[in-house]
Protein chains: 2
Amino acid sequence: METILFDYLAKYITLTEEEKKILLDLDVFKQYKKGSILLREGQVSDFGYFVIKGCIRSFTMVDGVEKTTAFYTEAESCEPLCKINKKPSTSYVACVEDSILVVANSAMEVEVFEKFPRFETLCRLLSEELLANKKAEFDEFRTSSPEQRYLNLLNTRPDLFQRVPQYQIASFLGITPQSLSRMRNRLVDNPSQNS
Amino acid sequence: METILFDYLAKYITLTEEEKKILLDLDVFKQYKKGSILLREGQVSDFGYFVIKGCIRSFTMVDGVEKTTAFYTEAESCEPLCKINKKPSTSYVACVEDSILVVANSAMEVEVFEKFPRFETLCRLLSEELLANKKAEFDEFRTSSPEQRYLNLLNTRPDLFQRVPQYQIASFLGITPQSLSRMRNRLVDNPSQNS
DNA sequence: AAGATTCGTTCACTTAAGTTAAGAAAATCG
DNA sequence: CGATTTTCTTAACTTAAGTGAACGAATCTT
């Protein structure tokens, strides 16, 4: 179980056994059942989540309708906005599947940074990389049609279609479930511009 | 001129005079004329940009058409993806106006981190905050119609409409210039749901 | 100031997404 | 296993965005 976390971190720095122990001693591995809500609108929470196994999603409620804004699966991490800006959350975070997560708050991070200063470099690099990736993903979204976004998601995250209800994928693509259903028919009837 | 930079940084940590001097000694303030291209598709560059005065934008070329993906104005910073992943850039960065920028690369950052370790904490916090903001902005985009995005941009960055050609704003909103022009007419004829 | 280019608007037409509603299919739960 | 709830699909209609083309206005250039 820890190996998923340490393999992920190994891309940035190699941890010593002692450093690994510091992390494990924090007792950050938690299990959640499908449907568990980790963060609610209005809450101010300090916790971030790293997915060991399973899938979590964030969404907002707009006029009583869920709008899914992100999916996080194995080796991805979710840092809610309210953790950074300390304001009540405007979104929800919930488990799409039974999940095992690393759950940590800012106090735990500071504790680790003190015992183990290299960890802050790691977090900086990680956060810079996540930012760069998020920008690239946003650029892609901004410059694509719903159909291109759908085909792109099929290529980049095919697993999501097996794990997640379609209406959640639809709002993730910025369209209604009806449009997604219709679009898929269009594409099988006329499989022209699939990449 | 430096005050814009230091005021910005003051939100995160208060710099000593000595620390300020270290930054100024790097000689990072540069002037560019409107239209200057800072980064081209295919280049691998290590530089990031912080806007002191002026406006820069990033865009990609898709089938010979520019797609604007970001505008950066006073006290905003632009870290191109190629700086992080060291791969050839897929996008351009250019000056929309005559601009004064802080231009710095990774080597300069490392130099500062060594002389002045608190700067790394600052960069981590900054980068975490930028990531959180980018996610929020993306969420907003994803869950809005083009019209809502336009009204939202009018509220949040009204200055852009004075500084930037409309066809660039159109692709920033994810639509064509024709659609934007049409939409504005619709809204003045029928000023119903403006916030 | 004249000429060239860029930019914004308009128009007619096509295509796709939103909306509302209904029902089928699948998953969940007792 | 059957009942209930959730999810997906289909359909008819409405609305808005994409496309291609044309033209005038604004802006650069020299």
Side-chain angles (χ1 to χ4, degrees), chain A residues 33-37 55 57 59 61-68 71 94-98 141-153 160-194, chain B residues 33-37 55 57 59 61-68 71 94-98 141-153 160-194:
Chain A
K33 288 247 176 256
K34 176 174 179 174
S36 304
I37 297 188
C55 178
R57 66 187 257 265
F59 61 96
M61 295 299 294
V62 180
D63 302 330
V65 179
E66 281 180 11
K67 303 277 186 177
T68 295
F71 296 105
C95 293
V96 171
E97 301 173 346
D98 291 352
F141 190 94
R142 201 190 282 279
T143 59
S144 300
S145 65
E147 189 173 308
Q148 291 170 314
R149 283 176 216 152
Y150 168 73
L151 293 171
N152 183 60
L153 192 64
L160 283 185
F161 294 83
Q162 311 306 122
R163 322 176 71 160
V164 157
Q166 269 182 38
Y167 75 96
Q168 293 175 9
I169 290 182
S171 67
F172 187 61
L173 294 171
I175 61 178
T176 60
Q178 293 92 324
S179 285
L180 178 53
S181 179
R182 187 164 43 193
M183 194 170 77
R184 303 182 80 186
N185 284 334
R186 212 165 56 219
L187 288 170
V188 296
D189 293 355
N190 178 10
S192 37
Q193 58 271 31
N194 301 32
Chain B
K33 288 248 178 256
K34 175 174 179 173
S36 303
I37 297 189
C55 178
R57 67 187 255 266
F59 60 97
M61 294 300 293
V62 181
D63 302 330
V65 179
E66 282 180 12
K67 303 278 183 174
T68 295
F71 296 106
C95 293
V96 171
E97 301 174 346
D98 290 352
F141 190 93
R142 201 191 281 279
T143 59
S144 300
S145 66
E147 188 172 308
Q148 290 170 315
R149 284 176 215 151
Y150 169 74
L151 293 172
N152 183 59
L153 192 65
L160 283 184
F161 295 84
Q162 310 306 121
R163 318 174 76 159
V164 156
Q166 284 207 5
Y167 76 96
Q168 293 177 7
I169 290 182
S171 67
F172 187 61
L173 294 171
I175 61 178
T176 60
Q178 293 92 325
S179 286
L180 178 55
S181 180
R182 187 166 40 194
M183 194 170 79
R184 303 180 80 185
N185 284 333
R186 213 165 55 218
L187 288 169
V188 297
D189 293 356
N190 179 9
S192 37
Q193 59 274 30
N194 300 30

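Computed from a prediction, not measured in an experiment: that's the story for all the values here. Protein chains get the first letters and strands the later ones, always in sequence-line order, with residue 1 at the start of each.
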#### Entry: Length of the line joining B:Leu180:CG and D:dA16:C1', which is rounded to integer Å
14 Å

### Query
Can you find a side chain N or O atom of A:Ser181 that sits less than 4.0 Å from OP1 or OP2 on D:dT9?
yes

### Query
Are side-chain heavy atoms of A:Arg184 and A:Leu180 found at a separation under 4.5 Å?
yes

### Query
With a 4.0 Å cut-off on heavy atoms, is B:Gly35 in touch with a base, just the backbone sugar-phosphate, or nothing at all?
nothing

### Query
Are OP1 or OP2 of C:dA17 and a side-chain N or O of A:Thr176 less than 4.0 angstrom apart?
no

### Task
Could you tell me the separation between the CZ atom of A:Arg182 and the C1' atom of D:dT15, rounded to a whole number of Å?
12 Å

### Task
Kindly indicate whether the side chain of B:Pro146, heavy atoms from C-beta on, has any atom under 4.5 Å from the side chain of B:Leu173.
no

### Message
C:dT10, OP1 or OP2 - any side-chain N/O from B:Asn185 closer than 4.0 Å?
### Response
yes

### Message
Is there a side-chain contact between A:Glu147 and A:Met183 in this structure, where contact means two heavy atoms from C-beta onward sitting under 4.5 Å apart?
### Response
yes

### Task
Would you mind reading off the distance between A:Arg186 atom CZ and C:dT15 atom P, rounded to a whole angstrom?
11 Å

### Task
Give the rounded distance in Å between these two atoms: CD1 of B:Ile175 and P of C:dA16.
18 Å

### Message
Using OP1 and OP2 only, check whether a side-chain N or O of B:Gln166 sits under 4.0 Å from C:dT9.
### Response
yes

## Note on the structure
Checking C:dG8, C:dA17, D:dC8 against the side chain of A:Pro165 (C-beta onward), the nearest is D:dC8

### Message
Expressed as a whole number of angstroms, how long is the span from B:Glu147:CD to D:dT15:C1'?
### Response
11 Å

### Query
Do the non-hydrogen side-chain atoms of B:Phe172 and B:Val164 ever get within less than 4.5 Å of each other?
no

### Query
Is any side-chain heavy atom of B:Gln148 less than 4.5 Å from a side-chain heavy atom of B:Thr143?
no

### Summary
Contacts of B:Met183 and B:Lys34 projected onto DNA chain D by closest heavy atom; the upstream (5') one is B:Met183

### Query
Taking atom P of C:dG8 as reference, at what distance in whole Å does atom CZ of B:Phe161 sit?
12 Å

### Integer-rounded Å distance: C:dA17 P and A:Gln148 CD
11 Å

### Message
With nearest nucleotide decided by heavy atoms, which residue, A:Pro146 or A:Gln178, maps closer to the 5′ end of DNA chain C?
### Response
A:Pro146

### Task
Could you state the atom-to-atom distance from CG of B:Leu187 to P of D:dA16 in whole Å?
10 Å

